[in-house]
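One structure is given below, encoded as structure tokens.
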Amino acid sequence: MPVDAKVIPPGGTIGIIGGGQLGRMTALAAARLGYRCHIYCPETDSPAFQVAASTLASYADEAALTAFAAAVDVITFEFENVPAESVRILSRHVPVRPCWRVLETAQDRIVEKGFFNNMAIATAAWRPVLDRAGLGAAAAELGLPSILKTARFGYDGKGQVRIDDPRELDRAWAAIGERPAILERFVPFERELSVVVARGLDGAAVCFDVVENRHRNHILDVTIAPAPIAPHLARQAQDIALAAAAKLELVGLLAVEFFVTTDGTLLANEMAPRPHNSGHWTMDACLTDQFEQFVRAVCGLPLGSPLRHSDAVMTNLIGDDVNQWLDILQEPGARLHLYGKAEARPGRKMGHVTRLMPRADRQL
Ligand code: AMP
């Protein structure tokens, strides 16, 4: 069969922007398929540098970006908060997948929530907040409790403040650095879900099973696969993720996070156009994992089967949790993944463990 010119066949080099554990695990999956990876990251000691070629440079360094683009066959991201100008420079030289429009939509909560709502995808009630007066007006309209979230650069609960009383508005506005934000009505949710979808160059898309996520100190703690929810709710979450990926004309991965309200309604919270922490369980419990799916998508290969052969519970090893590594290695059914980070700071994701169980529904 002739190979499409847009396909990067095995042997090619994938450029990855961002050098964290997501880049590291992508590079490992790529290596298994015969690819090389080249990581571009401004931080020294990045976990992905240990397993791939690397460029240590800032996202504003035009010469470094140009040299990086010349050294690779395709570029993707393990981190979506990359400046528009950097992506423009890269796109001049080499295919960038997913494209800028996808990153732009996921970078800014105002754009992201607007994207969901324009597609008639329900979210928590929200308002954009551009200044202190806007915050007061938004709080009056939505009511309290609500959560103030910076529009950009928020993750793991950073850049977020819960507001329970109007007297807290000044403090909340100061706490997020008086930056553009959204105010979102607090959702007393029953549980949190997420789903990862992969979409290829040809528009074919596949979804992993929907999972439940539990957080500790605003950081993902545990993912339960599959989520213990009604099949229609799982299907609805998958349909939303597939529709969002198609609308974005995504080439790559998209993770969509949801709240399930106490009356069983699904509300989209946010999305990430890259591998996602809540998809790590797929490495041990699916025929094709999220990282391989990501590599296949950005290289223009056919996507693999996302079939789940086992049930799984993934637990993040955060900070000192990593000291459990020896016990985990001796536990039957546990699969240990460590990210090669030297220092176990509090709140830092050091690795994860996936505990496998036979599928409860025995469909295989
Ligand atoms: P986010 O950065 O938007 O994913 O928020 C991080 C976490 O904060 C979520 O996974 C929820 O656990 C919690 N959270 C965020 N927004 C809300 C909300 N509107 N209502 C209740 N909890 C929320």
Side-chain angles (χ1 to χ4, degrees), residues 20 22 79-81 103 105-117 121-129 135 138-165 168-169 172 175-177 179-196 210-225 227 229 237 240-241 244 253-281 314-316 318 347-349 352:
L22 302 176
F79 166 79
E80 63 270 31
N81 290 316
L103 300 183
T105 308
Q107 276 184 1
D108 187 309
R109 289 186 196 269
I110 299 173
V111 182
E112 180 182 54
K113 293 266 182 262
F115 169 81
F116 283 137
N117 295 162
I121 297 170
T123 59
W126 66 281
R127 295 285 182 278
V129 172
L135 174 59
E141 280 183 72
L142 295 177
L144 298 176
S146 283
I147 302 188
L148 184 63
K149 303 180 178 180
T150 53
R152 305 176 77 87
F153 302 116
Y155 70 98
D156 288 348
K158 294 189 172 66
Q160 292 195 20
V161 193
R162 179 177 158 143
I163 307 173
D164 289 287
D165 185 289
E168 296 165 11
L169 291 174
I176 65 151
R179 285 182 289 162
I182 62 168
L183 187 71
E184 192 177 290
R185 190 181 292 151
F186 182 79
V187 179
F189 54 80
E190 181 194 271
R191 64 179 94 233
E192 293 186 81
L193 305 178
S194 66
V195 62
V196 176
V210 177
V211 297
E212 174 172 353
N213 299 314
R214 299 193 181 153
H215 294 81
R216 191 166 35 121
N217 301 327
H218 298 283
I219 302 173
L220 180 64
D221 180 22
V222 172
T223 294
I224 299 159
I229 54 170
I240 288 172
L253 291 189
L254 186 73
V256 185
E257 296 180 61
F258 300 91
F259 302 125
V260 183
T261 65
T262 41
D263 67 0
T265 306
L266 210 49
L267 300 177
N269 177 31
E270 62 178 5
M271 61 184 175
R274 53 166 168 77
H276 196 255
N277 194 168
S278 72
H280 290 358
W281 66 279
M314 189 285 313
T315 305
N316 271 334
I318 295 170
R348 193 169 197 212
K349 291 175 180 169
H352 69 269

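Worth knowing before you read on, the calculation uses all heavy atoms, side chains too, and leaves out hydrogens, waters and symmetry mates. Ligands are counted one by one from 1 in listed order, and the atoms in each one are counted from 1 as well.
In this structure, Trp281 CH2 and Thr315 OG1 are separated by 14.5 Å, a value rounded to the nearest 0.5 Å.
Residue-level contacts of ligand 1 at the 4.0 Å heavy-atom threshold are Arg109, Ile147, Lys149, Gln160, Glu184, Arg185, Phe186, Val187, Phe189, Glu192, His215, Phe259, Asn269, Glu270.
Applying the side-chain contact (heavy atoms from CB on, under 4.5 Å) rule to His218 yields no partners; only residues at least two apart in sequence or on another chain are considered. In terms of the side chain to side chain donor-acceptor pair (under 3.5 Å) criterion, Glu112 has no residue partners (sequence neighbours excluded). In this view, His352 and His280, His337, Tyr339 satisfy the ring pair (Phe, Tyr, Trp, His ring centres under 6.0 Å) rule, not counting sequence neighbours.
Residues Asn117 and Thr123 bring a donor and an acceptor atom of their side chains to less than 3.5 Å of each other. Asn316 and Asn277 share a side-chain donor-acceptor pair at under 3.5 Å.
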